[in-house]
Amino acid sequence: MQRAAVILAAGKGTRMKSELPKVLHKVCGRPMLDYVMEALKKAGIENIVIVAGHHGDMVAKNLPENVGIVDQHPQLGTAHALLQTKEKLEGFGGNLLVIGGDTPLITHLSLKNLLEYHENIGARATVLTADLADPGNYGRIIRESTGKVLKIVEQRDAGQEELTVQEINTGIYAFSGEGLFDALLEIKNNNAQKEYYLTDLIEKYVKAGLSVAAFKIKDSREILGINDRCQLAEVESIMRQRILTDLMLSGVTVVDPKNTFVDKDVEVGQDTTILPFTIIEGKSFIGPDCTIGPGAHLVDVQVGAGALIKNSIIMESSIGNNCNIGPFAYIRPGCVLEQGVKVGDFVELKKAKIGVKSKVPHLSYIGDTTMGSDVNIGAGTITCNYDGSNKWPTIIGNRAFVGSNTNFVAPVEIGSGAVIGAGSTITKNVPDNALSVARGRQKNIEGYNDKKTIKEKDL
Ligand code: UD1
Ligand code: CA
């Protein structure tokens, strides 16, 4: 049987108090809408239509190829929203899954189970329901004494007895495409909100003698919707624990999952340990056997095997196998560190390529630099890469030895095996294997302080 899905996402999301459409707010580094699309895809649904309204142009950006989008203006309710997909789904005869774009915790398994249940019993409509201790403002599932589903009543429209029902409408449904849009057209808006309720379709089908079913979800946390930023944080915290659980089960040690923050698209290799207060964001990839943290913050970073990274910030860079970074290194975008590089405390790197086993152990700024292998950079070395209007490169050859407190005034090129005397300000290229010293000569004035010493003695 053909399957398609509609994601309802036209609501304004007023309670988010945001210029950004609600479904684009991020949960663990990804827009919440992405999670819903991914769950649908994993449940075997390729044909997806999103109903957008508020800032629909923003929602339409970067959608996968198989995802269509329709506009709903004005937003007159969930039945009206679904009706907007009529043209896009013209002639669709299979089963249609309908879901809100703000429930990112839903798993593909639950969606798959719902669809299979719906298909197996051949229902015209199946509602995914959940039992909640506090049913709040969810729609209530009203059943007959035999258990047969009769209707869904919105909290606003419910009577006293109906309000006590703890089985709620998750807002996720499977519908047979047959006759669906004709039935939607007949729905009225005679309710508390003057909206066209999709939930009214259930009662309508029951009254018409069509088969309606309910399927209860096992873990009701999956259907937590996001309406405000408190719920956003709540959902994010559940998602974060899911991500960390998956990592731990795949062989990563997470010492303190309550204080570790890893985005959805991060991959981590086996036997890597993540220490507390570490944040790994974006599309980052960490190899096996690394120790990351405590206090590491990585954004879009690739890390090879066996690296150590503590108390450092690294952005949009690549760190080779067995590198040793930190504490307190700041590696800005565009850096490539080859294998076995050491970058120590209070070192800032920007657009720097550092060759195999080179060391920048302390107190340096290295920017717009290409450095060979086995280079040693003394403490306090600075590349002066900016002349006030342009950035210039520094090139440092293999095995160069740079004394402490050196300034490289770029553009400048240091040959392989060159040695730079401590405290030099290098403004000209240095040939291979040369020693370069560029500082004021030391002058000693003998006896300069004798008078003062005598005076002090005399006192
Ligand atoms: C809806 C259900 C309720 C259920 C709850 C689950 C109805 C009438 N009620 O209530 O039974 O318990 O979801 O979360 O359906 N939307 C549009 N266009 C519109 C209105 C809404 O696209 O005109 C979208 C929203 O963006 C949202 C979804 O539909 O993704 C649900 O809308 P919302 O207004 O949040 O409905 P609820 O009052 O939560
Ligand atoms: Ca809602």
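Indexing begins at 1, ligand by ligand and atom by atom, following the structure's order.
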Atoms of ligand 1, numbered as shown, that sit under 4.0 Å from any heavy atom of L76: 23 (O)

For E154, atoms of ligand 1 separated by under 4.0 Å from a heavy atom: 2 (C), 3 (C), 7 (C), 8 (C), 9 (N), 10 (O), 11 (O)

T78 neighbourhood, listing ligand 1 atoms whose heavy-atom distance to it stays under 4.0 Å: 7 (C), 8 (C), 15 (O), 20 (C), 21 (C), 29 (O), 31 (C), 32 (O)

Geometric class of the F346/F328 ring pair [parallel <30°, tilted 30-60°, perpendicular >60°]: parallel

Heavy-atom closest contact (K88 atom, V70 atom, distance): CG-CG1, 3.7 Å

With sequence neighbours excluded, residues passing side chain to side chain donor-acceptor pair (under 3.5 Å) with S358: none

Polar atom proximity, V51 to ligand 1 (N or O, under 3.5 Å): no

Part of A9 within contact of ligand 1 (heavy atoms, under 4.0 Å): backbone

G77 heavy atom under 4.0 Å from ligand 1: yes

Cationic N near anionic O, under 4.0 Å, D368 to K391: no

Stepwise salt bridge (Lys or Arg N to Asp or Glu O under 4.0 Å) check, E162 with K151: CA-CA 11 Å; E162 288 169 335; K151 60 178 174 179; 3.8 Å; yes

Contact partition for H80 relative to ligand 1, non-hydrogen atoms under 4.0 Å: neither

Test item: D157 side-chain N/O and A192 main-chain N/O as donor-acceptor pair under 3.5 Å: yes

Y197-ligand 1 polar pair, N/O distance under 3.5 Å: no

Which of the ligand 1 atoms, numbered from 1, are nearer than 4.0 Å to a heavy atom of A81: 17 (C), 18 (N), 22 (O)

Pair E338 + K357: basic N to acidic O under 4.0 Å: no

Distance-only N or O hit between ligand 1 and I152, under 3.5 Å: no

Nearest atoms (heavy-atom pairs only) where T278 meets G295: OG1-N, 3.6 Å

Numbered atoms of ligand 1 (with element) below 4.0 Å of G139, judged on heavy atoms: 3 (C), 4 (C), 11 (O), 12 (O)

Nearest-option assignment for atom 17 (C) of ligand 1, heavy atoms, candidates Q72, Q155, Q75: Q72

Per-atom contacts of ligand 1 with T170, taking only distances under 4.0 Å to non-hydrogen atoms: 6 (C), 14 (O)

Distance-only polar pair, side chains of Y173 and N169, donor-acceptor under 3.5 Å: yes

